[in-house]
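Structure first, commentary second.
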Amino acid sequence: MVKATILTRDGEIARHYGDDARITFVLMSPDPDTQKLVFTTCDGQSLRPEQVALDADAYLRPTQENDTAHQDIVALWEEMFGLALPPCLPQADMPDIAALRDRVLDVVLEQNAAASRVSARHMRELGLLRQQHDLIQASFRGLEHFVYGLNVQHRTPGPIIAPTRGQPVVTLQNGMQVQQRVASASPGLCDLALWFDPEGAAPKGMVSVTLTGLDSDQVLAVWDLQAAQLSTGWNRFSLERALGPDPVSLQITVHWVGGGVLTLACATDHPDPRFRPKIGDDARPAVLAQRVWSWVPGVAAPLLTGAHLPNGYAGKGQLRHVGREWLEQALDMRSLRADIPFIQGTDALLVHVLEQDIAAAIVPDLVFPGAVEISAGICTYHKDGPEVEYAMLALPKSERPTAPGILPQALHTRLTADAAETLNWVRVAPDTASQCRLYLDPSEQRQDLYLLTRLADKDGTNAFGWSGFSDLKLRFGAQA
Amino acid sequence: MTKGSDQSASDMAVRVAVVIPIFRHSVLLSEAIDSILDQDAPWGIRIVLVNDGCPHRETDQVCRTYARAYPEQIAYVPKKNGGLSDARNCGIGYALARWQELEAIYLLDADNRLRPPALRRAMTALDEHPDVDWVYPNIDMFGLRYAGDYGGPYSRLIHTVMNVCEAGSLVHRRVFDAGVVFDTSFKSGFEDWDFFLTAGDAGFTGMNLEEFGFQYRKRGESMLADSERDADAIRAEMRKKHKQLFSPKGLLALEQEEAPRFAIHLSDTDQVIWTVDPSSPNRKIYSFDEYSDLLFRSTTGNKRYFVPPLTVVTDSQLWKTLCDGGLVSGVLWALERQLDHACPVTVAHVMPGNPALPQRQDTLTMRVSRDPSAQPVTGGMAMLETQLVRKVLKDSSLSWISQLELPHCPISVARIEMTVPQALWNGAGAAPDRVACDLLALMARLRRNSLTLAAAHTWEWRTQDIGWRERTHKIPRQTCLSSAAYPRVADGGLHIGFLLPLVEFGGVERVALNVARALKRAGFHPHLFVLEQDTITYPAEWRETFDTVTFLADPEFATWGPTQAAYFGTDISDWSRWGNKGNATAMLAWLDGVVNFHGAAISGVMGQLKRLGVVTANSLHLSDHSVFARPVGNTYHALAFEHAYDMILPCSNMLGDWCHAMGMPAEKIIPIPNAPSFDLPATAGAPRTPHVPERALRALYIGRLDMQKGLDRLVPIVEGSQEADFDIKWRYIGGTVLGTGGAALPATITDSLEPPKTTPEAMTEALEWADVIVLPSYFEGLPLIVLEAMRAGAVPLATDVGAVSEAVVDGHNGILLSNAHCVTDAMHALDRLACDRDLLQRLSQQAIQDMQDRTWDGAAQPFIHRLKQLCALQGQSQPVPSTQSGTDP
């Protein structure tokens, strides 16, 4: 049962009022030696001063206590606790226990009211903060969409700690894991890549990659994937949202469960034991090869095609950007060489329109399973160029030409006049930005993407026909 | 400890209490409290909220709310305002009394936070390191964002120059149980710095926990910002409070233990010695590979791994030579002083004396040159900062450092040219001069290590805040404001410095040597410091007496330098009053005592040395005369600086009386009366044969040929005796040290003048030959030659100047010549003694007898006694027998 605590100097007064179920009397008096107040119960049990200070609700001022004596007790209390003495209740006003109870009730009700006012103020402040938070979140989200819609914002690549030839590799057998400290500050980190060689690993074996904040002991992201999903070389692991501005030291853990052996490449030896990869208690001398990218801290970065997404990413209708590194691999259909240039000063792949022919760039393996839509920015980057028509087509790898200049059959079919399926050519005037789209039925296999251009005027010249594709995006269905 | 599980939290055994002192952070306080309530430790944590008389009522309300909401976890202790230290002490005391099972206390400021695993991790660190007494964090700031890395081994040395331990540390209760508390006199800030230094004084030590999880709220204005404004005053208070820690000896001892200054590569043995003091038994020795690993750890952008900040390259032979000869500390100190931006590399070229010049076989020379003109870099020892080594490792090639091998090296290199006595030269053959090659070989070898590649990347994301770890050698410099701290560390023995402006064969030097020998026999360790000359004569008896020898080599220092003031008519140099005395002070601050032997201007450092706990003494010998015979010199100079000396050591009782008369307190004056300055050789000691009457009286002049010695009186005495056809055979021994003063010597003297005698055997032979010695000086102290002659039975005929009459009693054991009629008196005395051989015999025997009990051990005994007393007052050890310094690595 909660009781009110009443301070008094006089035990007689306490006995005068008698025992009460809802009131506890605490006697206080100055210690003659220390000049500090000491506190006891009515039956002499000593009480801790700070507990009394916390619990005391009021001070019962004896009738015989003159002003001087009262000031003394006030001063002693303030000297001891740095606080004002609890509210004073003159004994003279309370002839009996009932009157005392009434006054105590008044005090407690007043305290209650004050506490309620404080509480109400806190709730109001919380509400204000929530509103403000909502507004900021909404504005921020709008900003994100605006930025993404305008142009691809490249993530900032961090240092590349590349694999070093001749360095020993890290091999993981079933159940083993390796821990590696990440050589990067955490704020804004959005992607991390490690160099894998999954050739010796059982395809259905599971790789679990975990990113942990060491200072907070917090798991920041986990990627679980099968070995079959890994490619030889850099494998990129993206975060749904770039790490926030609160900096922590980072560690990546790679755990392998499965048959065979999973191999990770290493870079330079490191003299500092903190940066050496650890398998159990065993620290290896060479750092795991790693790359990082960063973005605006706390902001969702545009997802990149080919990157592995973390567990739990909902990703309904997710949109993935195609990084420049994909277009750099594009093959010229005429030569089947990956030497197609970019238009100077842009990120646009130059699929230069040809006279009397179709120009095509093949981006191998770009169309991931589940993609339902591909969009691309298109433009002929010279005002004196011709009008150009642009189109895209996704075809299985099996359709990829094996000799230069040979059109895939599926493409050839679509180009005939009476083709059942045609391409959705978009005609664009020179020096005019536009967009073309390709809608797909979701497939379970990866496909190549063909970027096609042709002269709108079949007999025209292709001079200054600097036709380019840029800002490619893949949209995936809900299950991707 | 989670908010929703009070019951379980209260049941768990309490291991940690968090003390949160509050003053004015009424609202932010809740974040601090909640961060503790969110701790994920598997044991009990209690919170003590100490309201330090905050004027905001809100503070009281917040504390009450939390205390009532969590009555088992949170205690609320309001108190009158007493300052942050007082509030912390209050909370600590409350916690220790309230929860007896408590193991550690965490101090959290009311505006800071902890990440959830912080206390668990910190307590685990304490559990796993029972020798550690507190765990401190890196400083990860929020608000104004910054992250500072304070990693690496805890260094008390570095802690003297920067606060490496934030108050937000977990402290084992044994620290508080030992009585270490926050000093309530530190009200303006840095009270946590002082607390940890005090804990260190009590023998406790800390450890950094890299991922502690401590979050520091940084704002534009704060108590810390206030403290920074008063930083100088607060630091001065700390230095006063922790006097022993901040003393030169204290800092050097820490440096030896935690951060040895030098990494000495012995190119022929592949060993690397880490040490400050080459003679210290605590030096560490690594193989080259071990050293490489440690060096490369410090190259990847962190400041947590220590490597000596100065790299020295030499070979084991030269190293041994310098160690055995007691020269190594002086050489290392000289090399370090010359290192700066202008001269990134310093080189010592050490060679033996030319054996073809026997007269110079005991010469010791050290010359410093900073001539920037391009010359080949030759020498046996090189020094450079390890920072420069790191830069060379990161360079794309060795082209810059390779220039050291060019005949005309364009890199400015400071050079120490040193010639050592042949007897010290251990190495066979020529002096080593390939240090440039050895240095390049070292660099090339390091660059071949695969670990160099790691330095090309950035690995750390926190700012490395302990920049002092790469320059720990500069910390001990701060006490003396010198360009290098002298590399010697206290070893429990009593080390006394003997300061001499020059070392030749003069009387002052002879006295210094003999006093040093007496001290050595009494268990002290004498060390020789040459203040002004760069060349000294350093024969075996000196080498056997002094543990080490050091040249001050300060171009700004002169014994009698430029002056704008005089005291009692004697110039007081500007250097002694206002000069840059840092290096001279640093050279001597590590000693237990110093004795100044007529070093004049060096008196200017004595006051500071006294404050640093060094016992100071001034050895006085005589007053010089000005051109017009006015007494001047070191005696008057000593009056000007008497307050800076603990003891005044006149060479005679008469000089002691003079000192007292001139105002020096009697208790300070401890005469060390001169005694014969060399031991009689084994061949000596036979009773002098009675004088043969028929033989001519043998008269000897032995001494410097200069004005002071009365050269202009000697000549007429000699010529007069020859003209008067006295039965006298003259012999003249001496040379000029201070100039003849213009007196021309006749051919009768110059034709038979013998060079100065430098060995006891030669001296004894000369004195035993003589029946009388003639010393017609204008001014003297208590001439050693008089005492030595008397010991040998040669009757002194000496001018009654200085304290001569303290030894020579006219007609009793010698003849005193009046200053006014010196020549006449001398002529008369020579005639008398030539004729009265009984008188000669009597005087001779009495002279021998009077010198029998005159020894240096006896003379120095009162000084030694007082020196021991004063050293004991300074808290220093008693003297122990000295051992040979300098050993193999």
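Letters go in sequence order (proteins before strands), and every chain restarts at 1.
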Listed once per pair and sorted, the salt bridge (charged side-chain N to carboxylate O under 4.0 Å, His left out) pairs that draw on residues 51-66 of chain B, sequence neighbours left out = B/Asp52-B/Lys79, B/Asp60-B/Arg64
Let me know if A/Phe275 has heavy atoms under 4.5 Å from chain B in its side chain, its backbone, both or neither.
-> side chain
Does atom NZ of A/Lys36 have more than 12 heavy-atom neighbours, drawn from other residues, nucleotides or ligands, at distances under 6.0 Å?
-> no
Would you check if the side chain of A/Asp272 reaches a backbone N or O of B/Arg297 as a donor-acceptor pair within less than 3.5 Å?
-> no
Among B/Pro117, B/Ala455, B/Ala456, single out the residue with the greatest number of heavy-atom pairs under 4.5 Å to chain A.
-> B/Pro117
Chain A interface, residue from B/Pro78, B/Ala454, B/Pro55 that has the most non-hydrogen pairs under 4.5 Å = B/Pro78
So, B/Glu166 side chain and B/Gly168 main chain: donor-acceptor pair closer than 3.5 Å or not?
-> yes
Geometric cation-pi criterion A/Arg236 and A/Trp293, 6.0 Å radius, 45° cone | yes
Interchain contact, B/Phe142 with chain A, by part (heavy-atom threshold 4.5 Å) | neither
Before giving the answer on side chain to side chain donor-acceptor pair (under 3.5 Å), spell out for B/Asp140 and B/Tyr146 the whole-Å C-alpha distance, their side-chain angles and the decisive distance to 0.1 Å.
-> CA-CA 6 Å; B/Asp140 292 338; B/Tyr146 178 81; over 6 Å; no
Contacting region of A/Ser184 [heavy-atom separation from chain B under 4.5 Å] = backbone
Parallel under 30°, tilted from 30 to 60°, perpendicular over 60°: which one fits the rings of B/Tyr106 and B/Phe212?
-> tilted
Minimal heavy-atom distance between B/Leu446 and B/Phe288, with the atoms involved, is CD2-CZ, 3.7 Å
For A/Val287, is it the side chain, the backbone, both or neither that has a heavy atom under 4.5 Å from a heavy atom of chain B?
-> side chain
Given a strict heavy-atom distance threshold of 4.5 Å, which part of B/Gln215 is in contact with chain A: side chain, backbone, both, or neither?
-> side chain
Tell me, side chain or backbone of B/Tyr94 under 4.5 Å from chain A's heavy atoms, or both, or neither?
-> side chain
Below 4.5 Å from any heavy atom of chain A, which atoms of B/Ser450 appear? Answer side chain, backbone, both or neither.
-> both
Pick one of side chain, backbone, both or neither for A/Ile160, based on which atoms fall under 4.5 Å of a heavy atom in chain B.
-> backbone
Where does A/Glu78 contact chain B at under 4.5 Å (heavy atoms): side chain, backbone, both or neither?
-> backbone
Apply the side chain to side chain contact (heavy atoms under 4.5 Å, CB included) test between A/Val222 and each candidate in A/Thr210, A/Leu211, A/Thr253, A/Thr212; give the one that qualifies.
-> A/Thr210
Counting only heavy atoms closer than 4.5 Å, note whether A/Pro245 contacts chain B via side chain, backbone, both or neither.
-> both
Portion of A/Leu83 that has a non-hydrogen atom of chain B nearer than 4.5 angstrom = side chain
Of all of A/Pro49, A/Pro247, A/Ala115, which one pairs up most often with chain B through heavy atoms under 4.5 Å apart?
-> A/Pro247
Over all heavy atoms of both residues, which pair between B/His56 and B/Ser26 is shortest? Give the atoms and the distance, please.
-> CB-OG, 3.4 Å
Who wins among A/Pro285, A/Ser249, A/Pro187, A/Ala53 for the most heavy-atom pairs under 4.5 Å with chain B?
-> A/Ser249
Of the listed A/Asp217, A/Asp269, A/Ile161, the one with the largest count of heavy-atom pairs under 4.5 Å with chain B is A/Asp217
Donor-acceptor pair between A/Glu50 and B/Tyr76 side chains, under 3.5 angstrom = no
Partner chain A: residue of B/Gln61, B/Arg68, B/Lys80 with the largest heavy-atom pair count (under 4.5 Å) = B/Lys80
